[in-house]
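Below, chains carry the letters A, B, ... as their sequence lines are ordered, and counting in each starts from 1.
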Amino acid sequence: MRLFVLLMLGLLSSPALAFDLADLQHRLGDTQGLSGRFVQTRHLADLDTDLESRGHFTYQRGKRVVWALEQPVEDRQVFTPADARAADDAPGDTGDDRRRRQIAALLLNLLDGDWQALERRFSLTLSGDATAWQVALAPRQAALRERLAEVTLAGGRYVERLRLETADGDTLTVRFSDLQPLAGSDP
Amino acid sequence: MTRPAALGKHLARLWGLVLLAGVVSLAWQLRDGLPSDTRLTALLPQDRQNPLLERADARLGRAFEDRFVLLLDAPALPRATADLAERLSAADGGRLLTRLDWRDVDFADSDPAAVLGPYRYRLLTPSLRQAIEQDGGTSLVQPALARLFSPGGDPEPVADPFGLLDRWLAQQDDSPVSSWQGLLTVRDRDGTRRSLLIGRLADTPYAPSAQQALTRALRAFEAAHPDARLLHSGLIFHAAGGARQARHEITTIGLGAFLALIVILLAVFRSPRTLLALLLPLAGGLLVATPLTLALFGRLHLLTLAFGASLIGVAIDYALHLQCERAVQGRRFHLRPLLPGLALGLVSSLAAYLALALAPMPGLRQMALFAAAGLAGAWLTGVLWLPRLALPVHPATARIAARWWSLTTPRRTLAPGWLAVVALILLGVIAWRLTADDSLRLLNPSSSAQLAEERQVQSLLGRDTGSRYFLVTADDEPALLERLATLGQRLDTASADGLTIGYRNLADRVPPPRMQDANLAAVRRLYGEPLATLVERAGLPGSVIDKARATLDSVPRLDVATWLDAPAGTADRRLWLGPVTADDGTTRLAATLVLNGVDSAAEGRRLAALADARPDVCYVDRVARLSRLLGELRRHVSLWVGLALALLTAGLVLRYRRQAWRVVTPALGALLGTLAVYAVAGVPLNVFSQLGMLLVLGIGLDAGIFSAEHARRPATWLAVSLSTLTSVLAFGLLAFSATPALHYLGLTCLIGLTLVGLLVPWVRPAPPRIKERPHGEH
């Protein structure tokens, strides 16, 4: 499921003017950085409960993604090409959390515009128009399908909503607001 | 027609029938091509003393046999890797591989959580266990909360609110392989990133078709990507290299020797028909040896074939004696006077070859049987058929014999006393300087570059070679796991104390039941107050607490079988030996704990000391153990050479009385001379040079016997010279083989046989009339 964060953040940075995926990818490559706020709602089907959290994020091309939870718990996760780990190292974390590092690497690849990496895992369908578009991603691998039913992204100028639906009925919805492109400058 | 002549005729016919049967059975055996074997490991001793060790070795060695690994370094890595993967998948019409992993998704197609899920409450990483011990797990609430709300998390508030399984899996996953741009990659210390491709072969790595298909695919790839650099690892590359080398040597050394033989024989006998007749015993030998070896062993080792090519030298011996005698004697030729010498020659050679069969190495046994059967077949063909063939006799042969005789007969012969003094000096040199080498490197035909590449790949992948391990036994599974866990702790203590090694322990994957119970108890503590806090702070409904606690009611214990069946546990199957029968007949369980990074003898000693401190734990250094076995084998062979020599000398003294020293000097002198050369040159003695000595002994005795039997005949000396020369060509040229085993065998023959040829003229009985011109008798 951690894959989803890459996906989400990867597409987040794509200005949604494009109507074919090549354009989308091209624009993805143009984005130097983006920041904004998010509200994340996770619906747990078997408990019929929503877990809601909010915070802000920054993405700097080729450098890092910072995903900062503010409520209900403060947590800052930084993904860099070289490494990625929770900023507050959890007790018991061996410091060698390779799975997370792999995700960080993938995430950065995505943000850096490696659209092929997504296409390896998903078949992509684009619909709508430039002001209100939607991309549906369906997992290709059976193993992935067992866990993930569908991913949808929707937006206009930028991505505004991301929705992941898992095979067991849980959903994760992220709404973005206050999106600001960053100048292609160093932090 | 006299009775013996009639008997000879019958026997010749009978022999024809035997050879015909050989042809028929060989044709039947070869209906699907020659069942050959290129494995040099087949030469290894069968370790009958310790079948358990043998099983552990085989298990650890075989695990990766049908797999190979490629590491690719190329400028446009993703594209180059995809191209390579495509070529490999398409190789041999897509039949080369059953599986090729190269994309990161190839590794993600099985979810370990699905299998291990039910056991997760009994599996705790040491740090989690420690955290719960310290404060009941309060410190774990905050990271669990972050996990619940993290976008990438996969929260399971009921099944695993603290993410125990993720932690466990992350700890298990110690592979240096990471995913990058959809590829599987590893990076070395310099930061060079290489993509990883793991292939699983459909056929055995020894299958020539698989080797060729793989080699072709890789060559085509390298041609298309000149900038790409590949690192290879896997048995198939070594097997292909070995097979290529063996084929190359058979065609150069084997064919070279054969051509040289033909040129020499044509020069002496000046008749193609005679030449063909001389090759007849060789054909007879092969027709006896090949079907017999195939019938007994099922397949022919490539080394046996190479050795068999060397048989040419000896098989042709008998024909040479017959033909030289006939060329010189003309119509007065009779077989009968030659028979005692021929028979003695056969017996002494057979003795030398059959001594090989006493070696406890299946490969050597096969060679010995092949050689002995071939020799007997060649001898019978020569004796039964050759005298009946009407062959042209060229006067040049007799002339050459006479000229060679007068050219090479020294003015005086050596006195036995002098020989004894020289022998003593040589013995002194040998005792003083000669060393021995039993390293396993002798058996390994791979080039050092190939081995270095293999090591590089293994170290990049953080893999062990399975050559050093602890073998642990116990009465039942809990006890075995407990023992493994204790051993792991001792190794950890030693590591903290400066021992730089790594290991893979089954007990790290499947904790002993006692540990699993303790873990569950710790999780129960964690599911008390900390769980309630977590649920409250997350804003989850209170019912989650009861549901989560209910999951702890009946948690199954993870056992070895379940783990080994799980996709993540497949790699550990090689560590598990399962039920074994102990010396006292009871059934016990055994497993190995494989070590890596053991670089020094001191480390090895520390590890051995760790095992010595405990019963039922045994430290095994496979390479050292096999070297020790090779050493034992070498001493074994020495003993047999000594015994064979003593026995033969005794037999020869019975026949030749005071002249016996003349018979044994060529053989003994050549052996001492060769050993002295090795001692002075610093070439260590090994089991293969000793096998070469056996051949020198056989051929040297042949030469001594014939010279003593037919002292005054230039024909005999010509035959002895030709046979020594042909043997040097056939065996001695193996000195140029790159396979260490053949090289030492060949080098010994080269030196030894040359010495035989040089010694014979000096010790043969002095002829009464040295200036006789035999060809004048025509």
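- When all heavy atoms of B/Gln142 and A/Glu74 are compared, the pair lying nearest together is NE2-O, 3.4 Å.
- For A/Gln40 against B/Phe149, the heavy-atom pair with the smallest separation is NE2-O, 3.0 Å.
- Nearest heavy atoms, A/Leu51 versus B/Ala538: CD2-O, 3.6 Å.
- Atom CD of A/Glu52 has more than 12 neighbouring heavy atoms from other residues, nucleotides or ligands inside a 6.0 Å radius.
- When side chains are defined from C-beta on, A/Leu47 counts as touching B/Lys547, because their heavy atoms get closer than 4.5 Å.
- Side chains of A/Leu44 and B/Val158 form no contact here, defined as non-hydrogen atoms less than 4.5 Å apart.
- Heavy-atom neighbours of A/Glu70 CD from other residues, nucleotides or ligands within 6.0 Å: above the threshold of 12.
- Using a 4.5 Å cut-off between heavy atoms, B/Pro157 touches chain A through its side chain atoms alone.
- Within a 6.0 Å radius of CZ in A/Arg175, no more than 12 heavy atoms belonging to other residues, nucleotides or ligands are found.
- Remark: B/Arg79 CZ is loosely packed, at most 12 non-hydrogen atoms of other residues, nucleotides or ligands lying under 6.0 Å away.
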